[in-house]
Structure formats: C-alpha cells, structure tokens
Amino acid sequence: MSRGATPAVILEVTGLIGSALVQDLGRPGLAHLGIPASGAADVGALRSGNRMLGNADSAAGLEVMGSITLRAHAPLLVAVTGASGPVRLDGEHVPHTPLPLATGSELHLGPPRRGLRTYVSVRGGVDLPPVLGSRAHDTLSGIGPAPLAVGTRLPIGVAPRQVPTTSVEPGREIAHPGPQGLVMCDLLPGPRQDWVSDPQTLHANTYRVSELADRVGTRLVGPPLTRIRTEELASEGVVRGAVQIPPDGAPVILGADHPVTGGYPVVAVLTEAASDALAQARAGTVLRFRSQHLRWPRARSRPGTS
Amino acid sequence: MSALDVLPGGERALLIATDGAAQARAVAAAVRAQPHLEVQDVVPAARTVLVTVAEPRALPALREALAGLEVDPEAREEPRRLTLEVVYDGEDLHDVADAAGMSVQEVVRRHTAGEYVVEFIGFAPGFAYLTGLDEALHLPRLATPRTSVPAGSVAIAGPYAAVYPRSSPGGWRLLGHCDAVLFDADADPPTPWRAGTRVRFTP
C-alpha cells in the first residue's frame, strides 16, 4: 500500500557484495507486447516471506545474490527467506524469523552457505513506483526499478491490516541436494517433443548446472539430446521453466526474465516448484529430472467405461 | 470448424498450433473472448498461440474450452494502422542494394511500397515482426550480429521487416532509422502496435 503524502519510511542499502534487485510477482499479461513477466526467480521464497509478514503476495521485496547490509530509518518488520546464510541484527546472530528492526538498526545478511538467492521481505512492501504494473526488475529488457547499490534508499509502504504470523512457515525449505547429492526437478511434457529423437534422455541421465546461468536462462551440462528436425522453428511463445533444445542438443532452461518468444524447440517444462528449486541451484549442482503427468478431469464417461 | 491442435505447455500453459499467423490471431481473439478462464497471457506468433493461465488449477478448464472453441476465421482484424517515417541512412543500405542487385533508390522504393502486417511481437518489448517485405529484399541476417543496434533502426532479415524499439544486440540489416516511439514503459499503451496492425513506411 502506498503512503501518499506522509514521509517515506526508508530502508537503506549500506553494504552490498554481489547483486540485489527489487522483485515481486512480475508483470504477467503483457507477453503479446513482447514484455516478459519477470518477477522473483524463486517465487515460493518471496511468497513465503510476504505471508510471514502479513503482506499481500504481490508485495515487492529484495532478491539478493551475495551479501547485503541494510539500515532501517524507521521501525520495520523484515523476513529473510530463500538461500540461508548468517543473519546478524546489530551485530548479533538471529534466526530467520520475522525480525523487528528499530530505527537505526542494521541487518547484515552474509553470503549463503546453501542456495543462491536470498529474499528480504519488508512489512508494507518496497514502495517504489511500479512500471507496467510491477516493481520487478527485468534484467533482459531493463524494465523496472534499477538494481540496488550502496546508498540506495528504498521507501517502504504502509503496513497491511493482516497481522504477521509469529512462526516460520513450515516445510518451505529450499531444495538442497539429497543423500545422492541430487536436486530433483519435476518435468511435464513440452510442445515439441517430436523435434528430438530421444526426449527420455532427460530422465535417464543427470545434468549439471553450468556457469552459464542467470535470470534469463540456465544452460545444462550433460548428455545432449538429438535433434531430428534441424530446420529453424518459427518463433513461438515460451514459458518460464521451458527446456529448450538448441541445435547442439545441450538443454537450456528458461528463467524469470526469458524473452516472450523463442526459436528453439521446447521438449519439456519444469513445474513451478522445480523452477524455484533451479533458481537456488549453484553452478555444479546435479539435477535429476522426474516425469510428472497432469491429471485431466475424466472425459464424459460412456457406457461400459469406468 | 476442425478441432484445434493443442500441445502441452507445462503446468500453466497450452500451445495451439495453427496454419499461419492470421489463424493464430483469430484463435487468440476467440480465446480472449472466453469468460471465466483465468487466462493470463495470449501470445499469437507465426504459427502458434501460447495461452497461459494464472494458476495450474485453471488449466483443465482452459483445455476443455479449447476443445469446443468457435473460431471466426473472418473475425474483424486488428484495426490499428501505423505509418512510420524513415530516414534511409542505414549502415547496411548499400550492401543490401548490392546483394539484391539493384540501386539504393530501388531498395528504398520497394521497402516503402510494401503493405506490412505485424505478424507478432516477440524477442523484446515492442519488437514487431512485419510480414509483407518485397521478396527481392529477403536476405539472411548478418553473419556476425552487431553488439548494439541503435534504437529506431529500421531493419530487414529473411522475410521480415522491423524497427528496433530500443537499442539491443541484433543481426538484422539496417536500412535507416525512424524517430517514432515504439516502446515506452511509462506510456499507456506501452507500444502502439499489436499482432495484426497494418504498417507502412514513408521516406
């Protein structure tokens, strides 16, 4: 909620190593104009932080890759979700629960030990002017509030009526490698499976997240798929989580800032939860893909069928 | 009306394959006209329409609606018309003339004679792919794309013409430039064209 004429409540960036972007749920609905949805790379983590604070799901927060120090210029309530690392409030280690910051308090988030992206939600949300309906920064088109830097002062909106929960949301931990050191990613069929001879290659092998990974897409290292059709595919609409197969057969998974159309065949699509998990997977993380099947409602039954 | 060719697109999307761009626009219009579907994006392209819904639980209803969708092939086309003034001073203008085996004046004449239609918008905000380019000017993209193409560049590649709304990397051949604002995030609408908009260029 915007404050209007009252003085802005400020959260200031006093230290930053790496990058910090304002993110929310993005600006879907504009793809027909070539405008990507963008939004938090790990949507579940941002949502979790917002809900903990009683914010609307659409409240804007910070997406941090690295470490950040923030100073509150008024009392604020903050939640830290996503990748976990050391959190210090005025020098003291604190757990990741909703954190009350007094005026002048300094919150320091160290680099995460696990995962890639840390989310800082603030009760009231980051109140910068929305661009095309959202405060998300799209790294490909540059639309949205500029990336944060030391000295950035963020206005915070009026606190919502909804009270914050007093407990950490259970069960919503970022995916981390299981006993075999793998992160499972659930996949659904994509529209262009017939462009490769061997779509099952994705499930039969493991793949590693390469260094070529950002908010636009993630290139994987592993057994290539074999393109049967090598002509150019006419550009078509694509979604976050789409697994594209370029001519060299090495899968590329589209991220939050993917362009709205693509010319490489999409043979599978990650579930939303798997896209969130991928957003936390550092270079070198090993992925195993698992097939999911959407359950369609039964067709109108005919006599003799169950 | 024959059944739509509906392909899977993940938890929240379906891809409809069509015979071409005009049918894609007609299908897109028919989908948008459906109430209660929680549709989030409808993206027509050269031979497809991508439809996304806001939540996975809305996908079965979308699939069912597509199974029975009535598409009017004569649906009134998108009414916008755009005329863009071009200064023909592009870096590739002379190379294009040579490759096409004609004078620069002839290239300009043929480019401005075209009656273009926005086939779809993709690649970047406000980047419209225009069909209707004279066949003599159908040339491949540059072997080495430019790292930066100036905003407003009027360009061609293969069967398409386009204007770069903003500076970006690009491999299209540059014929000239145009001052019209084709993308402004603060404007409403942010871009003046849509799939189906008719476009002309004037010198």
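Computation of the quantities below employed the complete heavy-atom set of this structure, encompassing side-chain atoms and omitting hydrogens, waters and symmetry-equivalent molecules. Chain naming here is simple, since letters A, B, ... match the order of the sequence lines and numbering starts at 1 in each.
Proximity to chain B is absent for every atom of A/Pro129, based on heavy atoms less than 4.5 angstrom apart. Heavy atoms closer than 4.5 Å to chain A are found in the side chain of B/Ala13, but not in its backbone. Only the backbone of A/Leu30 has a heavy atom closer than 4.5 Å to any heavy atom of chain B. B/Leu50 touches chain A through its side chain: at least one heavy atom from C-beta onward sits under 4.5 Å away, while N, CA, C and O do not.
B/Glu106 and B/Met102 get closest at one heavy-atom pair: CG-SD, 3.5 Å.
In terms of heavy-atom pairs under 4.5 Å with chain B, the best-connected choice from A/Gly262, A/Pro259, A/Ser141 is A/Ser141. Here B/Gly122 is the residue among B/Ala28, B/Pro56, B/Gly122 with the most heavy-atom pairs under 4.5 Å with chain A. Put simply, of B/Ala45, B/Ala17, B/Ala46, B/Ala124, the one with the most heavy-atom pairs under 4.5 Å next to chain A is B/Ala124. Across A/Val239, A/Thr271, A/Val238, the residue that shares the most heavy-atom pairs under 4.5 angstrom with chain B is A/Thr271. For chain B, the option among A/Leu140, A/Ile143, A/Val131 with the highest count of heavy-atom pairs below 4.5 Å is A/Ile143. Per-residue heavy-atom pair counts under 4.5 Å with chain A were compared for B/Val6, B/Ile121, B/Leu7, B/Val43, and the maximum is reached by B/Ile121.
A centroid separation of less than 6.0 Å is found between the aromatic rings of B/His111 and B/Tyr116. Ring centroid separation for the pair B/Tyr129 and B/Trp172 comes in under the 6.0 Å cut-off.
A salt bridge between A/Arg215 and A/Asp138 is absent, with no side-chain N of the basic residue lying under 4.0 Å from a carboxylate O of the acidic one.
Formation of a donor-acceptor pair under 3.5 Å by the A/Arg51 side chain with backbone atoms of A/Asp57 is not found in this model.
Residues A/Glu236 and B/Arg47 have side chains not in contact (no heavy-atom distance under 4.5 Å, counting atoms from C-beta outward). A heavy-atom distance below 4.5 Å is found between the side chains of B/Val96 and B/Leu175.
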